[in-house]
Amino acid sequence: MALLGLNETARPAVESPSPSGARRGSGPGRIRRLVLGLLLPLVLALGWEWAVRAGLASGRLLPPPGRILAALAGLAASGDLWVHVQATLLRVAAGFALGASLGIGAGALTGILPLARHLLDPGLQALRAVPSLAWVPLFILWLGILETPKVVLIAVGVFFPVYVGVSGAIASVDRKLVEVGRIFRLSKPALARRILLPAILPATLVALRTGLGLGFLFVVAAELMGASEGLGYLLVEGQQFGKPDQILAAIIAFALLGKAADTLLVVLTQPLLRWQDVARDVL
Amino acid sequence: MLTFQDVAKTYADGTRALAGITLSVAPGEIVALIGGSGCGKTTVLRLAAGLDRPSAGVIRLDGETIAEPHPGIGLVFQEARLLPWLTVAENVGFGLHHRPAAERRARVARALASVNLAEQAGRWPRDLSGGQQQRVAIARAFVADPRVLLLDEPFSALDAVTRADLHRHLLALWAQARPTILLVTHDVAEAVALADRAIVMRPRPGRIDAALTITPTRPSDPEAGLAARSALRARLEASLRAAP
């Protein structure tokens, strides 16, 4: 085999590798970030609790954290909370799976094939501009009021950010990296698998996170379609029966579930992005 | 034998990048393409690599027309172009996908040892300096045993000491396996240090202006033939100055 017989030793002055280890978040750093993230909400919550207890505010329309937590604990103790959380999670999971799969497929198609791009993209971009609630009556008419229209509505919400993200990521893959694949005579499927797919992975994962967030946004609209369970149903019931503590308890449950789902997605996909050289770690 | 026969390249916007390039590079010969910016040096390399097709004329390797990337032709780009999601070892072995895993591992290990980066095998490209990345790119090109190696200013971003070391070892490699090397450079000293022959190119459209034989001074002791080397450099610089 023809190889360079290079024997020089490393020259730290001119060839010092970047200290990647120093960029990784340390344990104390993570705790500090967690504390910083919780600081403002905690101060506001405790301030409001104190204001209501001190009689400075009634807390009728905006209950203090103690009452909201009590409502949440009551729902949990009765088992209702789990029923509603489970219903919402199942709908989001099904809608996310459907919307993300279709979004990745359509994004890949329009990203790779110019004909598909010219054929599909204008129509999809127009549909993207349609407000989510505009679909509700149509889906009820077409699909009834059971689970199908809810899942489809969530899928619609997830589809568009994933589609735009994947399609845009493919369009912006570095030509120079594709040429590396060409020089080594990769077939088109191999080029897609070994160059395009890893190159678009970071943008795709961001698109999936955005899609997941929109999934939680759309599940509320979906649960307005005659649902009898789900966190969205708790919101509507709280409004109808004048129970702001229940509404806020449902909102908190939404926030916690959304954050947990996003964190899960990040944790599951982080190993795929170990190679990235990003500024986030040093900021 | 790598041959260019009356090769021209005109881009879709009408820009004439090359015209009438006729050139033969003998097996084992090192030819430097030298010239100012925009004289078509990189275009010549891209055509030889099969990344682009000529608008006219034909490029052949041992009689076989080059119209697309060829297994016997390797290319080292100006930038390392390592795939950031692959480790150093995976990058070096990137072009060996059709070979058995054991052979691939052995070749990659030897290649990395040869460029003194064996200890970096499991690291990401982001953890390497620019010079180290370029060494990985060179190892990636050599690991597949190309008959022709195209080098597109691969040393231009390196510091002088690393560049000189790589020059020496490239010549050692040439002496061992004698691959044909077509080297694009704008550095006269580099052309004199490495090449058997220097081809001076002129721009608008890119064409061959002059050819100088350098062989008598290479490969040799760096101290030997200093006067001859200086004279060649002066001649090459004069040719470049004469080019508009």
Side-chain angles (χ1 to χ4, degrees), chain A residues 1-24 173-191 193-205 269-282, chain B residues 46 49-51 68-71 73-75 77 79 81-87 94-97 106-107 110-111 113-117 120 123-132 135 138-146 149 158-159 161-162 165-166 168-170 172-173 176-179:
Chain A
M1 182 173 55
L3 293 171
L4 285 176
L6 191 66
N7 295 315
E8 92 274 29
T9 52
R11 291 182 183 78
V14 292
E15 292 197 60
S16 53
S18 58
S20 64
R23 291 189 308 230
R24 302 287 159 257
V173 168
D174 191 346
R175 172 187 58 81
K176 292 174 177 178
L177 296 184
V178 174
E179 282 184 353
V180 172
R182 286 185 61 206
I183 276 293
F184 288 107
R185 302 170 315 285
L186 296 188
S187 63
K188 288 211 165 165
L191 194 71
R193 184 172 55 82
R194 300 183 69 193
I195 305 269
L196 290 183
L197 192 63
I200 68 165
L201 197 58
T204 301
L205 294 180
T269 55
Q270 215 162 28
L272 301 173
L273 300 177
R274 281 175 305 156
W275 50 270
Q276 270 194 305
D277 192 9
V278 289
R280 184 187 57 222
D281 295 330
V282 293
Chain B
R46 289 181 62 85
L51 288 176
E68 56 189 23
H70 186 281
I73 299 177
L75 173 62
F77 297 95
E79 333 78 43
R81 298 200 190 184
L82 302 184
L83 301 170
W85 51 85
L86 299 182
T87 63
F94 185 77
L96 301 176
H97 51 279
R107 277 176 173 263
R110 281 204 301 272
S114 297
V115 292
N116 208 25
L117 287 174
Q120 317 289 342
R123 302 190 79 174
W124 301 111
R126 65 158 193 237
D127 296 328
L128 305 185
S129 68
Q132 288 172 323
R135 280 149 66 184
I138 290 169
R140 180 175 65 184
F142 273 111
V143 80
D145 281 344
L149 186 64
L158 304 181
D159 64 273
V161 179
T162 307
D165 279 340
L166 281 171
R168 259 200 311 278
H169 291 293
L170 194 65
L173 163 70
Q176 265 178 41
R178 295 196 173 243

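In what follows, every chain begins at residue 1, and chains take the letters A, B, ... in the order their sequences are listed. Since this is a predicted model, take the numbers as computed values, not measurements.
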*asked:* Return the CG to CZ distance between B/L96 and A/F184, rounded to the nearest 0.5 Å.
replied: 8.0 Å
*Given that the side chain runs from C-beta out, which part of B/P71 has a heavy atom under 4.5 Å from chain A: side chain, backbone, both or neither?*
both
*Minimum-distance pair of heavy atoms, taken over all atoms of A/Q276 and B/R126*: O-NH1, 2.7 Å
*Short side-chain to backbone donor-acceptor contact, A/R194 and B/F94, under 3.5 Å*: yes
*Any side-chain heavy atom of A/L186 within less than 4.5 Å of one from B/H97?*
yes
_As an exercise, state the distance from CD1 of A/I195 to CG of B/L83, rounded to the nearest 0.5 Å._
4.5 Å
*asked:* For B/A49 versus A/I183, what's the shortest heavy-atom pair and its separation?
replied: CB-CD1, 3.8 Å
*With a 4.5 angstrom heavy-atom cut-off, which part of B/L117 approaches chain A: side chain, backbone, both or neither?*
neither
*Would you confirm whether A/R182, through its side chain, and B/L51, through its main-chain N or O, come within 3.5 Å as a donor-acceptor pair?*
yes
_Could you report the tightest heavy-atom contact between B/R81 and A/E179, atom names first, then the distance?_
NH1-OE1, 2.8 Å
*Given that the side chain runs from C-beta out, which part of A/A199 has a heavy atom under 4.5 Å from chain B: side chain, backbone, both or neither?*
both
*Between B/E68 and chain A, which part of the residue has a heavy atom less than 4.5 Å away: side chain, backbone, both or neither?*
neither
*asked:* With a 4.5 angstrom heavy-atom cut-off, is it the side chain or the backbone of B/F77 that approaches chain A, or both, or neither?
replied: side chain
*Portion of B/R140 that has a non-hydrogen atom of chain A nearer than 4.5 angstrom*: both
*Determine whether A/P198 and B/L86 make a side-chain contact, defined as any pair of heavy atoms from C-beta on separated by less than 4.5 Å.*
no
*Minimum side-chain heavy-atom gap A/L201-B/W85 below 4.5 Å*: no
